[in-house]
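Every chain is numbered from 1 and lettered A, B, ... according to where its sequence line falls, protein lines coming before strand lines.
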Amino acid sequence: MRGLPCAKVIFLTAANSPHFLIMSQVRVRFAPSPTGFFHIGSARTALFNWLYARHTGGTFVLRIEDTDKERNTDESLQVLLDGMRWMGMEWDEGPEVGGEYGPYFQSQRQPIYDEYLQKLKDAGRTYEKDGAIWFKLEGERYTEYDDFREKEIEKVKAAPVIIDDAVRGRVERAEELDFVIVRKDGNPVFHFVNVVDDIVMGITHVIRGEDHLSNTSKHVELFNAFGVTPPVFAHIPLILKESGPGKMSKRDKGALIEEYEQRGFLANAVRNYISLLGWNPKDEREKMDIDEIIELFDFPGINKGNSRFDEKKLAALNTEYLREMNVETFTFLARPILHTAGVVKEDADEDYIQSVLSLCQGKARSLEELPDFCRYFFLDNYEMNEKTGAKIAKKADPKELLTEIVPVIEGIEAFTVDALQAVLEAYAESKGAKVFAYFPALRYALSGQGGGPDLLPMLVVLGQARVLARLKAFIG
RNA sequence: GUCCCGUUCGUCUAGCCCGGUCUAGGACACCUGGUUUUCAUCCAGGCAACAGGGGUUCGAAUCCCCUACGGGAUGCCA
């Protein structure tokens, strides 16, 4: 099954008339090239396509542009598919799920490209030069000195192409140079295969980064040459790096989706944040579940201006998601992270982990910081923060304070928050002091830190024996 | 160089299409105060923007023009 039958589909769906659009099924695609990482910009393009498909009840196609044989390994593909799935963007057609318009790898579509190349040849729209095949623009030809290329060059006065962009409105641009569609090594170039695949796969809406806006005139020229009405284009703004000039590149911090997964960010939070980069629901909603985003997502909400990536905002959203989940889910997510960090052993007691994590869930800002945040619950060789130690020692000698307290704690029969509270308060009162005078020293001796979960519940979870042992060790 | 796109608080953005309700709203960050027995949370408050210039108009963040700045394209990369 190849090219021809699909031409009909195009004919039905690609008309610019809104009437037709309403009547026909939306088909969008995400067409990444597997490079070994999943860039946040690509992820956002994928997300917008996916959202639009879900919003309209259309079809989301995943097409792999793997024409660069060197870089396209199996692992590279897997990174991409994993990332897509992690973000919850299931595709309706594509690798591993199939579909009627396959194959979904460009490397397997050569016969289709040959067929479409022949159409162009038959129409007299190609010629060969330097071993490559060029697409011939229509229009008067002239020669001009080109400042950029620093040489005389043949140009064409082609009629401007009009793009009715769903985000940007009317954009007019004229191509002035013929361009290569098949390299001298026989491989077709991106512009050509992209258009052919969009035709053959019946794509109705092309949602992609603004970096393709200037290429669109080439693409429209090709659509026209094939006699096919182009799809609706929607060019979305780019994501710029957090600081400094230019768009996010793979080397920038926070640029890779797989990195978020490893760092324990929540997929929902990442997806929510990315959806807000260049799109908004036109009201003050920010934290939205995916059904809500799907319902609200549409072209008018997409911005024209580029946006700058801000990890702090992502982190804040992530924290919100962390806070609202139930302890079981939190534990489920936290456990592997603690295990990887060597904080929790394989045979650790499940109830103990659960009670530690229920104390930490409302306090820790991210899963990423969790190992450091709660290491002392599991290991005795926790690090003593020197700054905190010095700060506490300024007010009173912690060893003296704790020496007083140890027998008090030792005397408790039922080691509960209430008991601790009562006993400590009574003791403090007897000394004419306030109970909070003892808190920082206690926390420091037991955890080495200045902050953490509520103190008394923390003592209870650690258990009387361990608390006393640590206090005694601290006093020396 | 040429072409295309863009420009509201530090950042993400609302408002712009259909000019007056904008002494420009929200969120993140930051600062202050309150709550909390510590820490964090939470609550209250604060700081902070229509890129510049011209025009149209009784009135412009909103419409038009110019400039500046930013981004992209200009590959036999995708």
Side-chain angles (χ1 to χ4, degrees), chain A residues 31-35 42 65-68 71 106 129-134 144-150 155 160 163 165 167-169 171-177 179-191 193-194 208-218 235 237-238 240 242-243 245-247 273 276-287 300-301 303-317 319-320 323 360 362-365 373 388 392 421 424-425 428 434-444 447 449-456 458:
Chain A
S33 134
T35 50
S42 304
E65 310 219 329
D66 59 345
T67 48
D68 184 342
R71 288 190 297 180
Q106 286 187 335
K129 193 176 86 181
D130 305 328
I133 300 173
W134 295 66
E144 187 181 72
Y145 182 80
D146 186 285
D147 289 324
F148 187 62
R149 293 174 187 75
E150 299 181 323
K155 297 190 174 178
I163 304 148
D165 194 279
V167 172
R168 272 142 226 290
V171 176
E172 202 176 305
R173 188 170 188 276
E175 281 299 316
E176 55 177 14
L177 260 26
F179 53 93
V180 170
I181 51 176
V182 180
R183 299 186 193 97
K184 66 177 160 218
D185 66 7
N187 284 124
V189 307
F190 160 74
H191 302 298
V193 293
N194 199 264
R208 53 167 32 162
E210 199 212 313
D211 47 345
H212 286 296
L213 184 56
S214 303
N215 292 147
T216 305
S217 41
K218 282 190 183 71
H235 286 94
L238 270 20
L240 270 26
E242 192 147 24
S243 57
K247 55 178 176 172
Y273 174 71
L276 256 13
L277 240 31
W279 172 82
N280 73 83
K282 298 284 172 203
D283 57 26
E284 277 154 18
R285 272 180 278 190
E286 287 199 330
K287 181 168 173 297
N303 295 119
K304 295 187 178 79
N306 296 339
S307 45
R308 208 169 272 282
F309 175 76
D310 181 8
E311 190 173 301
K312 286 215 174 113
K313 183 122 187 175
L314 200 206
L317 247 189
T319 306
E320 271 193 71
R323 294 277 145 82
C360 296
K363 302 285 181 172
R365 296 188 66 83
F373 193 81
T388 306
I392 290 169
Q421 171 112 22
L424 287 173
E425 256 171 23
K434 290 204 168 167
V435 70
F436 68 77
Y438 299 95
F439 274 56
L442 266 172
R443 180 188 292 286
Y444 182 64
S447 72
Q449 298 188 11
D454 291 333
L455 185 64
L456 267 19
M458 174 183 138

Please state how far atom CG in A/Asp454 lies from atom C1' in B/U38, giving the value in whole angstrom units. 9 Å

A/Met458 CE to B/U36 P, straight-line distance once rounded to whole Å: 21 Å

Enumerate the protein-to-nucleotides 16-23 of chain B contacts in which both atoms are nitrogen or oxygen and the separation is below 3.5 Å.
none

Which letter, B, S or -, goes with each nucleotide of nucleotides 60-74 of chain B from 5' to 3', with contact meaning a protein heavy atom under 4.0 Å? -----------BBSB

Rounded to the nearest angstrom, tell me the gap between atom CD in A/Glu242 and atom C1' in B/U11. 9 Å

Determine the interatomic distance between C1' on B/G15 and the same-named atom on B/G46; round to the nearest Å. 23 Å

Output the rounded distance in Å from CZ (A/Phe190) to C1' (B/A78). 6 Å

Rounded to the Å, how far apart are A/Asn194 CG and B/A78 C1'? 9 Å

So, A/Asp146 and A/Arg149, do they make that salt bridge, N to O below 4.0 Å? yes

Between A/Gly451 and A/Leu314, who's closer to the 5' end of RNA chain B by nearest nucleotide? A/Leu314

Which part of the nucleic acid does A/Lys363 contact within heavy-atom distance under 4.0 Å: base, sugar-phosphate only, or nothing? base

Distance check needed: B/U7 P versus A/Lys304 NZ, whole Å only. 7 Å

note: A/Ile181, atom CD1; B/A78, atom P; distance rounded to Å ~ 14 Å

Do A/Lys218 and A/Phe179 form a cation-pi contact, if we require the NZ or CZ to be under 6.0 Å from the six-membered ring centre and within 45 degrees of the ring's axis? yes

Can you tell me if A/Arg308 has over 12 outside heavy atoms packed within less than 6.0 Å of its CZ? yes

Would you tell me whether A/Asn194 and A/Gln106 have side-chain atoms, one donor and one acceptor, within less than 3.5 Å of each other? no

pair_partner(B/C47), Watson-Crick or wobble, both distances < 3.5 Å, evaluates to none

Assess whether a salt bridge exists between A/Glu210 and A/Arg168, defined as any Lys/Arg side-chain N lying under 4.0 Å from an Asp/Glu carboxylate O. yes

Reading RNA chain B from 5' onward, which residue's closest nucleotide shows up sooner: A/Lys313 or A/Asp283? A/Asp283

Take atom CD of A/Glu175 and atom C1' of B/U2, then tell me their distance rounded to the nearest Å. 13 Å

